[in-house]
Protein chains: 2
Amino acid sequence: MTKIGFGIHDHSHCIASAIHAAEVCCAREKLQFTKTRRRVLEILLSQHKALGAYEILDQLAAEGQNAQPPVAYRALDFLVSNGFAHKVEKLNAYIACSHPGAEHAPAFMICRGCNAVHEACLDTANRAPKGMFGGAAQAAGFRIETAVIEASGLCPACQSSAA
Amino acid sequence: MTKIGFGIHDHSHCIASAIHAAEVCCAREKLQFTKTRRRVLEILLSQHKALGAYEILDQLAAEGQNAQPPVAYRALDFLVSNGFAHKVEKLNAYIACSHPGAEHAPAFMICRGCNAVHEACLDTANRAPKGMFGGAAQAAGFRIETAVIEASGLCPACQSSAA
DNA sequence: TTTTACTTGTTATGATATAACATTTCATCT
DNA sequence: AGATGAAATGTTATATCATAACAAGTAAAA
């Protein structure tokens, strides 16, 4: 059992299953799930927190690839474009999607104490932004394509230590 | 009449009134509304779009100040901390608040065609993030302090030109 | 008026991200 | 299998965004 997000949860198999899900999805969509893309997703999954592009790059470099920045950014672009990962804008960092496959707008809770990131598993996450914006967007004539929600605050652990 | 956000609207006096509002607020809160801070807010207000820190810096430099990056970032930090401006995370850019004084979570619509930014004037903007997250945050034990919502899509003008 | 906090000036550097182009690999068609 | 066009990668260089650190000045409070 290891810490994930703000809770505890056994993910000894979740890397493998997430990778498998990505494989299946890529086969279905005729996307190339190449070695580097797979490796970057594995790195994100194994850390299970938000990582900067250069942290990923360091990891790749440590494994022998002489990886330059575009290598990481291209893999991340692929993963983000296809819904296997998200960018956390507030942190300029990337995190594996907690529920790939499901159509959703990412919604994160970000701890300002320890930078832990928890992706909310709201099924409202898909509808809520458009619902909230619906009126205003329509009034402005704006066509929403994607939306992100990022909440900052304190996770349980940091609330305790700050207390 | 000039273009603001995605619409048209007369703001010949809105710079002055926003500056005045900031003055009043700073006096009340005993904050120093210094020359640089005022000037940066004026720049943001006059452009009425999201500006990068270095664009602001260029403007300051053009006015004779030999401004280095920390000058802009400090002023922006002040303005953001005190609610006179917001950072648009997706663009790494800053924009004057459309409704300062009102307690609110910023909510933006960002055009991917022209990068125009419109701050939604939802009074739900304040409550909605916490409402949406409420259950999940409580379940996770997370204490939300701030939240931002950023929607991407196409503004009316870019919808027309893309059509 | 001394002291204290805050603000600014300045240099240097760190962190994040992309442009551009040559090369290789992959998918597909014949 | 071989041709070919699309996609991915390797690599160099550089653009863009942001902050650390410290000296000097200015304003507010005691």
Side-chain angles (χ1 to χ4, degrees), chain A residues 22-23 26-41 43-44 49-61 63-82 84-95 110 112 115 117 150, chain B residues 22-23 26-41 43-44 49-61 63-82 84-95 110 112 115 117 150:
Chain A
E23 278 172 350
C26 286
R28 189 176 60 237
E29 308 284 334
K30 301 209 184 299
L31 300 169
Q32 298 182 44
F33 195 49
T34 62
K35 192 180 150 202
T36 303
R37 291 168 177 177
R38 168 191 301 256
R39 191 67 200 105
V40 170
L41 181 55
I43 290 167
L44 288 174
K49 64 175 197 177
L51 293 176
Y54 281 71
E55 291 177 276
I56 290 164
L57 214 45
D58 289 345
Q59 184 101 19
L60 291 176
E63 292 167 7
Q65 310 189 32
N66 177 24
Q68 298 304 309
V71 170
Y73 283 103
R74 284 168 183 156
L76 289 167
D77 283 350
F78 173 86
L79 296 172
V80 169
S81 299
N82 295 290
F84 305 128
H86 300 295
K87 179 171 186 183
V88 182
E89 298 287 349
K90 268 209 161 99
L91 301 176
N92 292 316
Y94 303 83
I95 191 167
I110 305 162
R112 69 170 161 78
N115 278 356
V117 176
E150 298 185 358
Chain B
E23 277 171 350
C26 286
R28 188 177 59 238
E29 307 285 334
K30 300 209 184 301
L31 300 168
Q32 299 182 44
F33 195 49
T34 61
K35 191 179 149 202
T36 303
R37 290 168 178 177
R38 169 191 300 256
R39 190 69 199 104
V40 170
L41 182 54
I43 290 167
L44 288 175
K49 63 174 197 178
L51 292 176
Y54 280 68
E55 292 179 275
I56 291 164
L57 213 46
D58 289 346
Q59 185 102 18
L60 291 176
E63 292 167 7
Q65 310 189 31
N66 178 23
Q68 298 304 307
V71 171
Y73 282 103
R74 283 167 183 157
L76 288 167
D77 283 350
F78 173 86
L79 296 173
V80 170
S81 298
N82 295 288
F84 305 128
H86 301 295
K87 179 171 186 184
V88 182
E89 299 286 350
K90 267 207 162 102
L91 302 176
N92 292 316
Y94 303 83
I95 191 167
I110 304 163
R112 67 169 162 78
N115 278 356
V117 176
E150 298 185 357

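Letters go in sequence order (proteins before strands), and every chain restarts at 1.
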Between atom CG of A:D58 and atom CD of A:E55, what is the distance when rounded to the nearest 0.5 Å?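 These two atoms lie 7.5 Å from each other.
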Identify the 5'-most and 3'-most nucleotides of DNA chain C with at least one atom closer than 4.0 Å to a non-hydrogen atom of chain A.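 On DNA chain C, the outermost contacted nucleotides are C:dT16 to C:dC26.
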My understanding is that only residues two or more places apart in sequence, or in another chain, count here; which of them pass side-chain hydrogen bond (donor to acceptor under 3.5 Å, both in side chains) with A:R39?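 Partners of A:R39 under the side-chain hydrogen bond (donor to acceptor under 3.5 Å, both in side chains) test: A:E42, A:E63.
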With B:Q32 via side-chain hydrogen bond (donor to acceptor under 3.5 Å, both in side chains) - residues at least two apart: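 Result, side-chain hydrogen bond (donor to acceptor under 3.5 Å, both in side chains) vs B:Q32: none returned.
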Test of understanding: with side chain to side chain contact (heavy atoms under 4.5 Å, CB included), list the residues that count as partners of A:A50, not counting sequence neighbours.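 Partners of A:A50 by the side chain to side chain contact (heavy atoms under 4.5 Å, CB included) criterion, ordered by chain and then number, come out as A:V88, A:L91, A:A93, A:I95, A:V117.
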Holding to side chain to side chain contact (heavy atoms under 4.5 Å, CB included), I want the full list of residues that pass it with A:K90, two or more places apart in sequence or in another chain.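 By the side chain to side chain contact (heavy atoms under 4.5 Å, CB included) rule, A:K90 matches A:I110, A:E150, A:S152, B:E89, B:T146, B:V148.
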Using a 6.0 Å cut-off, check whether atom NZ of A:K49 has over 12 heavy atoms from anything other than its own residue.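 12 or below, so no.
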Checking contacts here: which listed nucleotide (D:dA29, D:dA8, D:dA28) is nearest the side-chain heavy atoms of B:K30?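 Side chain of B:K30 sits closest to D:dA29.
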So which pairs with a foot in residues 66-76 of chain B pass side-chain hydrogen bond (donor to acceptor under 3.5 Å, both in side chains), sequence neighbours left out?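 Found B:N66-B:Q68.
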Is the shortest side-chain N/O distance from A:T34 to OP1 or OP2 of D:dT9 below 4.0 Å?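 Answer yes for this pair, as a side-chain N or O of A:T34 is under 4.0 Å from OP1 or OP2.
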Do B:L79 and B:H86 come within less than 4.5 Å of each other through their side chains, counting heavy atoms only?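 SC-SC contact between B:L79 and B:H86 ruled out.
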Taking the side chain as every heavy atom from C-beta outward, state whether A:I43 and A:L60 have any pair of such atoms under 4.5 Å apart.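 When only atoms from C-beta onward are counted, A:L60 and A:I43 do touch, with a gap below 4.5 Å.
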Summary of protein contacts for nucleotides 13-26 of chain D, nucleotide by nucleotide, where a base hit scores B, a sugar-phosphate-only hit scores S (4.0 Å, heavy atoms): ----BBBBB-----
Set of salt bridge (charged side-chain N to carboxylate O under 4.0 Å, His left out) partners for B:E29, sequence neighbours left out: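 By the salt bridge (charged side-chain N to carboxylate O under 4.0 Å, His left out) rule, B:E29 matches no residue at all.
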Could you give the angle between the helix axes at the two ends of the helix from C:dT1-D:dA30 to C:dT30-D:dA1, with five pairs per end, rounded to 10 degrees?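 Axis-to-axis angle, ends of the helix: 40°.
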Find the distance B:L31:CG to D:dA28:C1' and express it as a whole number of Å.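 Rounding to the nearest Å, CG of B:L31 and C1' of D:dA28 are 13 Å apart.
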